[in-house]
Chemist: 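Below you'll find the structure I mean.
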Amino acid sequence: MLKLFQYIIDWSEVWALFIPLFILLYKKQPRHLKLVVFYIWMALAINLSIDFIWKFRNILPVAFKSNNFLYNIHSIVRFYLFSAFFICLDQPFIVALKRAIPVCFTLFLIVNFIFFENFFDYWKLSSRLLSTEAILLLFYVIQYYLFEIKKNVTIKITNSSFWIITGLGIFVALNFFIFLLYNELTIHFQNFAINLWSLHNISYIIFNLFIAKGFYESGKQ
């Protein structure tokens with residue numbers, strides 16, 4: 001039973017995405033959620049590739065056995081799409097800073113992968129990239145709540161953006177230190193690192209449940 005549970009968790013980066021996709025089958029989303037919908041489809045394509053390489057690595061040529069670069073791609077896609085989502089919410093709150101962050105992130109990518117890390121590193125994903133993405137998205141989440149509190153209006157639980165942003169906040173808050181320390185843990189505490197990644201997968205399920213809730217509640221606010 002424990003092995004079955006672990007198998008389900010190991011594949012959650014793929015099947016969890018079908019939770020919000022199921023909602024999309026019968027409920028068209030409003031324009032302001034199109035970026036989140038696009039993220040779901042992009043994440044499905046990337047995560048299918050990640051798990052395909054992981055599952056069939058024993059029969060793949062040596063040069064194609066690593067899926068680390070796909071985690072880097074997923075991190076970049078997630079950041080740009082969700083940062084654009086926050087900007088498109090059109091909240092009149094620290095607008096210049098919110099628009100400047102994607103520019104700074106782009107500069108970070110260029111400098112980091114030219115001078116410090118190999119984007120296609122065979123042995124490890126980029127902890128620096130994933131942790132930077134997580135902390136920047138967490139900033140976007142916090143500023144969203146600060147703006148809602150500043151309005152002195154109770155946040156509507158039926159608000160689709162609220163559910164999606166809350167799910168994102170849970171995901172990045174739980175994973176920041178996992179991303180930051182993961183490569184060091186794989187070197188010194190490999191079994192612990194593998195088990196810790198299961199926490200990442202569980203948080204990803206939660207993230208997709210919240211997105212599905214947001215899709216379901218869209219149009220009610």
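Excluded from the calculations below are hydrogen atoms, water molecules and symmetry mates; all remaining heavy atoms, backbone and side chain alike, are included. Numbers here simply count residues along the sequence, with the first being 1.
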Chemist: With a 4.5 Å heavy-atom cut-off, do Tyr80 and Thr106 have their side chains touching?
Modeler: yes

Chemist: At what distance, to the nearest 0.5 angstrom, does CG of Leu181 lie from OG of Ser131?
Modeler: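 Atom-to-atom, Leu181:CG and Ser131:OG are 8.5 Å apart.
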
Chemist: Which other residues belong to the hydrophobic cluster containing Ile110, where Ile, Leu, Val, Met, Phe, Trp and Tyr are joined when side-chain heavy atoms lie under 4.5 Å apart, directly or via other members?
Modeler: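 Joined to Ile110, directly or through intermediates: Val111, Ile114, Phe115, Phe116.
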
Chemist: Before giving the answer on side chain to side chain contact (heavy atoms under 4.5 Å, CB included), spell out for Arg78 and Leu137 the whole-Å C-alpha distance, their side-chain angles and the decisive distance to 0.1 Å.
Modeler: CA-CA 9 Å; Arg78 184 167 54 221; Leu137 288 180; 4.3 Å; yes

Chemist: Using modelled atom types only, decide if a donor and an acceptor are shared between the side chain of Gln29 and the backbone of Phe215 within a distance under 3.5 Å.
Modeler: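 Side chain of Gln29 to backbone of Phe215, a donor-acceptor pair under 3.5 Å: yes, one is there.
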
Chemist: Please name the pair of heavy atoms, one in Ile40 and one in Pro20, separated by the smallest distance, quoted to 0.1 Å.
Modeler: CD1-CG, 3.8 Å

Chemist: How close do Gly169 and Leu138 get, heavy atom to heavy atom, and via which atoms?
Modeler: O-CD1, 4.2 Å

Chemist: Hey, are the side chains of Ile101 and Phe86 touching, using non-hydrogen atoms and a 4.5 Å cut-off?
Modeler: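 Heavy-atom side-chain distance check fails, nothing below 4.5 Å.
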
Chemist: Can you confirm whether Asn175 sits close enough to Ser203 that some side-chain heavy atom of one is under 4.5 Å from a side-chain heavy atom of the other?
Modeler: yes

Chemist: For the residue pair Phe179 and Trp197, what are the closest heavy atoms and their distance?
Modeler: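 Result for this residue pair: CE2-CH2, 3.9 Å.
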
Chemist: So which atom in Leu89 and which in Ser161 form the shortest heavy-atom distance, rounded to 0.1 Å?
Modeler: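 Reported closest heavy-atom pair: CD2-OG, 3.6 Å.
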
Chemist: Could you tell me which non-hydrogen atom of Ile23 sits nearest to which non-hydrogen atom of Ala212, and how far apart they are?
Modeler: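 Reported closest heavy-atom pair: CG1-O, 3.9 Å.
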
Chemist: Passes side chain to side chain contact (heavy atoms under 4.5 Å, CB included), Cys104 versus Leu136? Steps please.
Modeler: CA-CA 10 Å; Cys104 295; Leu136 291 177; over 6 Å; no

Chemist: Which word best sums up how the rings of Phe171 and Phe207 line up, parallel for under 30°, tilted for 30 to 60°, or perpendicular for over 60°?
Modeler: parallel

Chemist: Could you go through the side chain to side chain contact (heavy atoms under 4.5 Å, CB included) check for Asn201 and Glu13 one step at a time?
Modeler: CA-CA 6 Å; Asn201 289 348; Glu13 289 176 301; 3.5 Å; yes

Chemist: When you measure from the side chain of Ser12 to the backbone of Ile8, do you find a donor-acceptor pair of N or O atoms at a distance under 3.5 Å?
Modeler: no

Chemist: Starting at CG of Asn208, measure out to CG of Leu17 and round the result to the nearest 0.5 Å.
Modeler: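 CG of Leu17 is found 4.5 Å from CG of Asn208.
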
Chemist: Side chain of Ser160, backbone of Ser218: donor and acceptor closer than 3.5 Å?
Modeler: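 Not a single qualifying donor-acceptor pair exists.
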
Chemist: Crowded around Lys28 NZ? As in, over 12 foreign heavy atoms under 6.0 Å?
Modeler: no

Chemist: Which heavy atom of Val36 sits nearest a heavy atom of Ile211, and at what distance?
Modeler: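 Heavy atoms of Val36 and Ile211 come nearest at CG1-CG2, 4.0 Å.
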
Chemist: Please determine whether side chain to side chain contact (heavy atoms under 4.5 Å, CB included) holds for the pair Phe82 and Ile164, giving the CA-CA distance in whole Å, both sets of side-chain angles, and the decisive distance to 0.1 Å.
Modeler: CA-CA 10 Å; Phe82 275 100; Ile164 293 169; 4.0 Å; yes

Chemist: So, do Ile178 and Leu174 sit near enough that their side-chain heavy atoms are less than 4.5 Å apart?
Modeler: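 Result no, sub-4.5 Å side-chain heavy-atom pair not found.
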
Chemist: Donor-acceptor pair, Asn72 side chain versus Leu129 backbone, under 3.5 Å?
Modeler: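 It does not hold such a pair.
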
Chemist: Rounded to the nearest 0.5 Å, what separates atom CZ in Phe79 from atom CG in Leu130?
Modeler: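 These two atoms lie 12.5 Å from each other.
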
Chemist: Rounded at 0.5 Å granularity, tell me how far NE2 in His200 sits from OH in Tyr204.
Modeler: 7.5 Å

Chemist: Given side chains that start at C-beta, do those of Thr166 and Tyr145 come closer than 4.5 Å, heavy atoms only?
Modeler: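 When only atoms from C-beta onward are counted, Tyr145 and Thr166 do touch, with a gap below 4.5 Å.
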
Chemist: State whether the side chain of Ser75 and the backbone N or O of Tyr71 hold a donor-acceptor pair below 3.5 Å, judged by distance alone.
Modeler: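 No; zero donor-acceptor contacts below 3.5 Å.
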
Chemist: Evaluate the ring planes of Phe69 and Phe120, with Trp represented by its six-membered ring, and classify them as parallel (under 30°), tilted (30 to 60°) or perpendicular (over 60°).
Modeler: tilted

Chemist: Between Phe210 and Leu168, is any pair of side-chain heavy atoms under 4.5 Å apart?
Modeler: no

Chemist: Hey, do the aromatic rings of Phe85 and Tyr140 have their centres closer than 6.0 Å?
Modeler: no

Chemist: With a 4.5 Å limit on heavy-atom distance, are the side chains of Phe22 and Lys27 in contact?
Modeler: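 Of all side-chain heavy-atom pairs linking Lys27 with Phe22, none is under 4.5 Å.
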
Chemist: Test of understanding: with ring pair (Phe, Tyr, Trp, His ring centres under 6.0 Å), list the residues that count as partners of Phe18, not counting sequence neighbours.
Modeler: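 Partners of Phe18 under the ring pair (Phe, Tyr, Trp, His ring centres under 6.0 Å) test: none.
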
Chemist: Say you draw a straight line from CZ of Arg128 to CD of Glu133; how long is it, rounded to the nearest 0.5 Å?
Modeler: 15.5 Å

Chemist: Within this structure, what is the CZ-OH distance for the pair Phe162 and Tyr144, rounded to the nearest 0.5 Å?
Modeler: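 Rounded to the nearest 0.5 Å, the CZ-OH separation comes to 7.0 Å.
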
Chemist: Ile205 versus Ile9: any side-chain heavy-atom pair under 4.5 Å?
Modeler: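 When only atoms from C-beta onward are counted, Ile9 and Ile205 do touch, with a gap below 4.5 Å.
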
Chemist: Should the heavy atoms of other residues, nucleotides or ligands under 6.0 Å from CH2 of Trp15 be counted, would the total exceed 12?
Modeler: yes

Chemist: Classify the ring geometry between Phe105 and Phe108 as parallel (under 30°), tilted (30 to 60°) or perpendicular (over 60°).
Modeler: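 Tilted, since the angle between the ring planes falls between 30° and 60°.
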
Chemist: Hydrophobic clustering (ILVMFWY, side-chain heavy atoms < 4.5 Å, transitive) - are Leu25 and Leu33 grouped together?
Modeler: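 Yes, one cluster joins them.
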
Chemist: Membership question, hydrophobic clusters at under 4.5 Å side-chain separation (ILVMFWY): are Ile149 and Val95 in the same one?
Modeler: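 No, because Val95 and Ile149 fall into different hydrophobic clusters, even though each may have its own neighbours under 4.5 Å.
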
Chemist: Is the backbone N or O of Ile87 less than 3.5 Å from a side-chain atom of Lys98, with the two atoms forming a donor-acceptor pair by type?
Modeler: no

Chemist: In terms of heavy-atom contacts, does NZ of Lys124 have more than 12 from other residues, nucleotides or ligands at under 6.0 Å?
Modeler: no

